[in-house]
2 protein chains.
Amino acid sequence: MSQLLSLRDRKRTETWAALHNAAARLTLENGPDRVTTEAIAAQANVSARTFFNYFSTKEDAILGLQDPSIDDTWLEAFDVDANLLDQVSRLLVNVVHSTEGGADGDSLRMEVVQRFPQLRQRRFGYFLKVEQLVRDVVTEGITASAKWVDVAQHHRAEDISRMIVLIAGAPMRYAMQESAHAPTLDNQFAALSTANALLREVLPEIQ
Amino acid sequence: MSQLLSLRDRKRTETWAALHNAAARLTLENGPDRVTTEAIAAQANVSARTFFNYFSTKEDAILGLQDPSIDDTWLEAFDVDANLLDQVSRLLVNVVHSTEGGADGDSLRMEVVQRFPQLRQRRFGYFLKVEQLVRDVVTEGITASAKWVDVAQHHRAEDISRMIVLIAGAPMRYAMQESAHAPTLDNQFAALSTANALLREVLPEIQ
DNA sequence: ATGCAGCGCCGCAATTTTGCAGTTGTGTAA
DNA sequence: TTACACAACTGCAAAATTGCGGCGCTGCAT
């Protein structure tokens, strides 16, 4: 049998997906304002209270957003002393992905974001949490690194990593703004890699 | 919406039915000895431990047996001072029914009992619990009744009701033995009413 | 303007489910 | 015989779910 997840974890995932699907489906049918958290919970066959055990707001459920997290594998592979920009970029992409749970294939998220732009700001809100998380990782790396002792004498590690994450995150912000107009998954990838290229070209010019 | 049962109660009923169905189905496919409680739980999509929150033995799950209970309606209607034999008979039938939960229509119980006679004794075991419950009701009634004070001077109320329930229960025992050979629902009803008629004929002859 | 109903959301206690580490009994292979 | 796997079943503590009362806000009828 598939014993990768415990029964508990499997059910938790199922309930999460059921709530997100119900929320997204009902929203597509009636618009986000005509959907109540009660109706969503009923569709997912759980109590109204349980809804808020999984999502802190109705919008989070509609969009299927979770708090960001970093896989241990990524943490171990992270090395501040080489290719920092690349690494932080990839970390950001990965952590953003962690905020959008479940299988993307059958998720109704895309359609929802496209049809109800009011919901978009919520994703930016989550990007702040993502940055915070990544910043912590970078801060820790810098603090422990010999390569950064010089810079760290003039600035606090927190500030250094804030700046690094801001730069590395610029392409994602750029892509997110773009994706307002082109919300398919392919288009988002395209926007991101365009933005990445742009960053590489701009960086050498401004120093 | 149908708000007769709370979400909690509705789910409890569903889980009970899922476990019973899984147990009965797997038993029909493989025989009771080749079915594990784990497999049943897995089929019902609950943990192995939860199985034992619903049934105290594997056989109970296969047969779909619950502890007997008496509906309050029946309790209020019960009156020791009139038609006692009839009332206790009906009470017994009703309480026996309460031990066999769920919708009888789609239950696989019948088929299981017919094909695996080893399971039959378990039903008799439950009949003892049923008698106990009914006995308590009758005892309480007798204790509070003016009509029974005379008899109660020579015998304890417990013993009186024990005898009454035994007599009133004779047709059910008779029918249960018969049903070994004719296990359909109709046949059981027929056997029971035959036995009832028989009792009525015998009673006057033996006093 | 004023009340009032509806909805999002939270805290808390009761109930249920799960995981885990047993104990016991039974068949089976060495 | 001994050893050992396996399955029924239990106790207990952690986690999840539910019900319920309550808070704050918003829109709407009076």
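Computed over heavy atoms, backbone and side chain alike; hydrogens, waters and symmetry mates excluded. The chains referred to below are lettered A, B, ... by the order of the sequence lines, with proteins before strands, and numbering in each begins at 1.
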Return the set of residues passing side-chain contact (heavy atoms from CB on, under 4.5 Å) with [X] (not counting sequence neighbours), or none when no residue passes.
X       : answer
A:Ala42 : none
B:Arg12 : B:Tyr54
A:Thr57 : A:Glu59, A:Asp60, A:Arg122

Exercise. By nearest nucleotide on DNA chain C, pick out whichever of A:Glu59 and B:Thr15 is the more 5' one.
Key: A:Glu59
Quiz item: Toward the 5' end of DNA chain C, which comes first, A:Pro32 or B:Arg12, by nearest nucleotide?
Solution: A:Pro32
Quiz prompt | Residues in ring-ring contact (aromatic ring centres under 6.0 Å, His included) contact with B:Trp16, at least two apart in sequence or another chain | solution = B:His20, B:Phe55
Quiz item: Among pairs that include at least one residue of residues 59-82 of chain B, which meet ring pair (Phe, Tyr, Trp, His ring centres under 6.0 Å), considering only residues two or more places apart or in two chains?
Solution: none
Going by atom type alone, with no hydrogens or angles, which donor-acceptor pairs under 3.5 Å involve a side-chain atom of residues 132-144 of chain B and a protein atom two or more places apart or on another chain?
from: B:Thr139; atom 1: OG1; to: B:Arg135; atom 2: O; distance (Å): 2.8
from: B:Thr139; atom 1: OG1; to: B:Ser161; atom 2: OG; distance (Å): 2.6
from: B:Thr143; atom 1: OG1; to: B:Thr139; atom 2: O; distance (Å): 2.7

Self-check item: Nearest-nucleotide 5' precedence on DNA chain D, A:Asp9 against B:Leu7
Solution: A:Asp9
Quiz item: For residues 34-47 of chain A, which residues have at least one heavy atom under 4.0 Å from DNA chain C?
Solution: A:Val35, A:Thr36, A:Thr37
What residue pairs, at least two apart or across chains, pass salt bridge (charged side-chain N to carboxylate O under 4.0 Å, His left out) with a residue in [range]?
range                       : value
residues 36-55 of chain A   : none
residues 191-200 of chain B : B:Asp86-B:Arg200
residues 65-74 of chain B   : B:Asp67-B:Lys129

Quiz prompt | Outermost DNA chain D nucleotides near chain A [under 4.0 Å, heavy atoms] | solution = D:dA14 to D:dC20
Quiz prompt | Smallest separation among heavy atoms of A:Arg10 and B:Asn45, with atom names | solution = NH1-OD1, 3.9 Å
Practice problem: Could you tell me whether B:Tyr54 contacts a base, only the sugar-phosphate backbone, or nothing, with contacts defined as non-hydrogen atoms closer than 4.0 Å? | Solution: sugar-phosphate
Self-check item: Positional range of nucleotides in DNA chain C within the contact set of chain B, heavy-atom, under 4.0 Å
Solution: C:dA14 to C:dC20
